[in-house]
Amino acid sequence: MILVTGGAGYIGSHTVLVLLEAGYDVVVFDNLSNGSEEALTRVEHLAGKKAHFEHGDIRDRERLDEVLSIYPVTAAIHFAGLKAVGESMKKPLEYFDNNVSGSVHLLQALRQAGVFNIVFSSSATVYGDPGTPVFNENMPTGTPSNTYGYTKLVVEELLKKTQAADPRWRVALLRYFNPVGAHHSGTIGEDPAGIPNNLLPFIAQVAVGKRDQLSIFGGDYPTEDGTCLRDYIHVMDLAEGHVSALKAIERFDHGGVGIWNLGGGKGHSVLEMVEAFEQASGRSVPYKIVARREGDLAQFWADPGKAKRELDWEVKRSLHDMMADTWRWQSQNPNGYRE
Ligand code: NAD
Ligand code: UD1
């Protein structure tokens, strides 16, 4: 059985679906601070199989021990944490507490339960600003431009040092590029609370009429059309990457740490995203170009070669799929999981 922390959230719920469809038994552990049980109900309908749900906080060691004593867990996929970049600069203690202390408690509880396989949600942000747009896993990590990103780097180090001290651990550090999209049924997707910070949820809310216009942060970058380039990855491709990583670490004979980029290997500009969304939705997305956002890099994308070689995984879904699936989710669920 796989323990999925944060499994009621955006990426977690899609991964739970892929796990159930691949035949795994799953127990989700989530405090519902940014997740929804409704997402798991919908996952059950799609999979024809239920994931167990346990309400709890990864900072609560007793609750973790209790859940691990009930279920025969063999591996954990660890999504739980806070992820809003702007908020992380204002609330560093909350971010270190949830993301770093929470991970320490989780590792202690797993060790006590004899569970040594873990897949961790990291981010391309750990590369900092390496001075080249193509990020590959051999590059040293840098300095993330925000506190959220810094907590990801700290947890990567925590996992590496834990594994170095005890070779029973098998660890996957998955560095996500820009996750977007939804399951193609349109029944599960991203449900941001309040004003979305990320590009695609904002575009989708403009298209559905919830917001007037998109502000594009910077039109004077040294890129073809002057807007930033990012490597957007369909959340279902990303979810499948977790199952591939889980299988890969199970093959480690003597423990170890595997670091893999999960990205498509191609950059798309903000204007390209707007255009692709308009095409897929048939709606117009009014925008204005405003000042650059602090901390943004002009362009970066993944070198996806290592994941292809070692995980036998690569993205299968196109930019059009990302847009069409986001639109299906947004138009069918204008208020997300809330009625
Ligand atoms: P999300 O907020 O939708 O999911 C996180 C889930 O964790 C939520 O269901 C929330 O209720 C739960 N949670 C938060 N703190 C918890 C705690 N202390 N104890 C138990 N549960 C807790 O976010 P997401 O987009 O699905 O991201 C999942 C993971 O991937 C996060 O660790 C995030 O930092 C990482 N990540 C996300 C992105 C992205 O763009 N979405 C990019 C890189 C990395
Ligand atoms: C951001 C975070 C990163 C985090 C990731 C996923 C920063 C600096 N980086 O990445 O740490 O891992 O989200 O949560 O915040 N854009 C607009 N208008 C908008 C929103 C975004 O023009 O309203 C542009 C941005 O300038 C950027 C692109 O769209 O060029 C993508 O932005 P976003 O979705 O926020 O992702 P990142 O900034 O790449």
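Every heavy atom of this structure was used, including side-chain atoms; hydrogens, water molecules and symmetry mates were not. All ligand and atom numbering here is 1-based and tracks the order in the structure.
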Worksheet item: Backbone or side chain, does any N or O of Asn198 fall under 3.5 Å from an N or O of ligand 2?
Response: yes
Discussion item. Yes or no: does Gly7 have any heavy atom under 4.0 Å from an atom of ligand 1?
Written reply: no
Worksheet item: So Phe116 and Trp169, would you call those rings parallel, tilted or perpendicular, with 30° and 60° as cut-offs?
Response: perpendicular
Discussion item. Heavy atoms only: which of Tyr148, Phe217, Tyr10 lies closest to atom 4 (C) of ligand 2?
Written reply: Tyr148
Discussion item. With nothing but distance in play, are any N or O atoms of Asp296 less than 3.5 Å from an N or O of ligand 2?
Written reply: yes
Discussion item. Could you tell me, atom by atom, which parts of ligand 1 come under 4.0 Å of a heavy atom of Ser33?
Written reply: 10 (C), 11 (O), 13 (N), 14 (C), 15 (N)
Discussion item. Please report whether ligand 1 has a polar contact with Pro179, defined as an N or O pair separated by less than 3.5 Å (distance criterion only).
Written reply: no
Worksheet item: Taking C-beta and beyond as the side chain, do Phe277 and Glu275 meet within less than 4.5 Å on heavy atoms?
Response: no
Item to complete: Examine ligand 1 and decide if any of its atoms is less than 4.0 Å from a heavy atom belonging to Glu190.
Response: no
Worksheet item: What do you reckon, are the aromatic ring centroids of His242 and Tyr176 less than 6.0 Å apart?
Response: yes
Discussion item. When you compare ligand 2 with Ser123, is there at least one nitrogen or oxygen pair between them that comes in under 3.5 angstrom?
Written reply: yes
Discussion item. Under 6.0 Å from the ring centre and within 45 degrees of the ring axis: does the NZ or CZ of Arg175 meet both conditions for the six-membered ring of Phe135?
Written reply: no
Discussion item. Before we go on, tell me: are the rings of Phe79 and His14 under 6.0 Å apart, centre to centre?
Written reply: no
Fill in: Protein contact of atom 22 (C) of ligand 1 - nearest heavy atom, named by residue and atom, plus distance
Asn31 OD1, 3.1 Å
Discussion item. I want to know if ligand 2 touches Leu200 in the polar sense, i.e. an N/O pair below 3.5 angstrom.
Written reply: no
Worksheet entry | Region of Thr227 that comes within reach of ligand 2 [heavy atoms, distance under 4.0 Å] | neither
Worksheet item: Which atoms of ligand 1 are found less than 4.0 Å from any heavy atom of Ser121?
Response: 29 (C), 30 (O), 32 (O), 35 (C)
Item to complete: Using a 4.0 Å heavy-atom cut-off, say whether Pro144 meets ligand 2 through its side chain, its backbone, both or neither.
Response: neither
Discussion item. Suppose I only count heavy atoms of Gly56 and a 4.0 Å limit; which atoms of ligand 1 are within that range?
Written reply: 19 (N), 20 (C)
Worksheet item: Which is closest to atom 37 (P) of ligand 2 in terms of heavy atoms, Asn146, Asn178, Thr223?
Response: Asn178
Worksheet item: If we only count N/O pairs under 3.5 Å, is Phe177 in contact with ligand 1?
Response: no
Worksheet item: Does at least one non-hydrogen atom of Ser215 fall below 4.0 angstrom from an atom of ligand 2?
Response: yes
Worksheet entry | Identity and separation of the nearest protein heavy atom to atom 3 (O) of ligand 1 | Tyr10 N, 2.8 Å
Worksheet item: Does Tyr232 come within less than 4.0 angstrom of ligand 2, counting non-hydrogen atoms of the residue?
Response: yes
Worksheet item: For ligand 2, is any non-hydrogen atom under 4.0 Å from Leu214's backbone (N, CA, C, O), its side chain (CB onward), both, or neither?
Response: side chain
Discussion item. Among all the protein's non-hydrogen atoms, which is closest to atom 43 (C) of ligand 1, and how far away is it?
Written reply: Tyr176 CD1, 3.4 Å
Worksheet entry | Which of the ligand 1 atoms, numbered from 1, are nearer than 4.0 Å to a heavy atom of Lys152 | 31 (C), 32 (O), 33 (C), 34 (O), 35 (C)
Worksheet item: What about Ile11: any of its N or O atoms under 3.5 Å from an N or O on ligand 1?
Response: yes
Practice prompt. Could you tell me whether His78 and ligand 1 have an N or O pair separated by under 3.5 Å?
Written response: no
Worksheet item: Which residue supplies the protein heavy atom nearest to atom 19 (N) of ligand 1, what is that atom called, and how far is it?
Response: Ile58 N, 3.0 Å
Practice prompt. Within a distance under 4.0 Å of any heavy atom of Ala8, pick out the atoms of ligand 1 and give their elements.
Written response: 9 (O)
Item to complete: Can you sort out which atoms of ligand 1 are near Ser122, meaning under 4.0 Å from one of its heavy atoms?
Response: 43 (C), 44 (C)
Discussion item. Using a 4.0 Å cutoff against the non-hydrogen atoms of Leu32, which atoms of ligand 1 qualify?
Written reply: 11 (O)
Discussion item. Considering both backbone and side-chain atoms of Gly9, is one of its nitrogen or oxygen atoms within less than 3.5 Å of a nitrogen or oxygen in ligand 1?
Written reply: yes
Worksheet entry | Polar proximity ligand 1 side, Phe79 side, N/O cut 3.5 Å exclusive | yes
Discussion item. Less than 6.0 angstrom from the centroid, inside 45 degrees of the normal: does Arg292 satisfy that with respect to the ring of Tyr221?
Written reply: yes
Worksheet, complete the sentence: In this structure, atom 38 (O) of ligand 2 is nearest to the protein heavy atom Arg293 NH2, 2.7 Å
Worksheet item: Does any non-hydrogen side-chain atom of Tyr95 lie less than 4.5 Å from one of Tyr150?
Response: no
Practice prompt. May I ask you to identify the nearest protein heavy atom to atom 2 (O) of ligand 1, giving residue, atom name and distance to one decimal place in Å?
Written response: Asn34 ND2, 2.7 Å
Response to the item:
Counting heavy atoms under 4.0 Å, the part of Val270 that contacts ligand 2 is side chain
Response to the item:
Near Cys228 (heavy-atom distance under 4.0 Å), the atoms of ligand 2 are 30 (O)
Worksheet item: Are any of the N/O atoms in Asp57 less than 3.5 Å from those in ligand 1?
Response: yes
Worksheet item: So which heavy atom in the protein is nearest atom 9 (O) of ligand 1, and how far is it from that ligand atom?
Response: Asp30 OD2, 2.6 Å
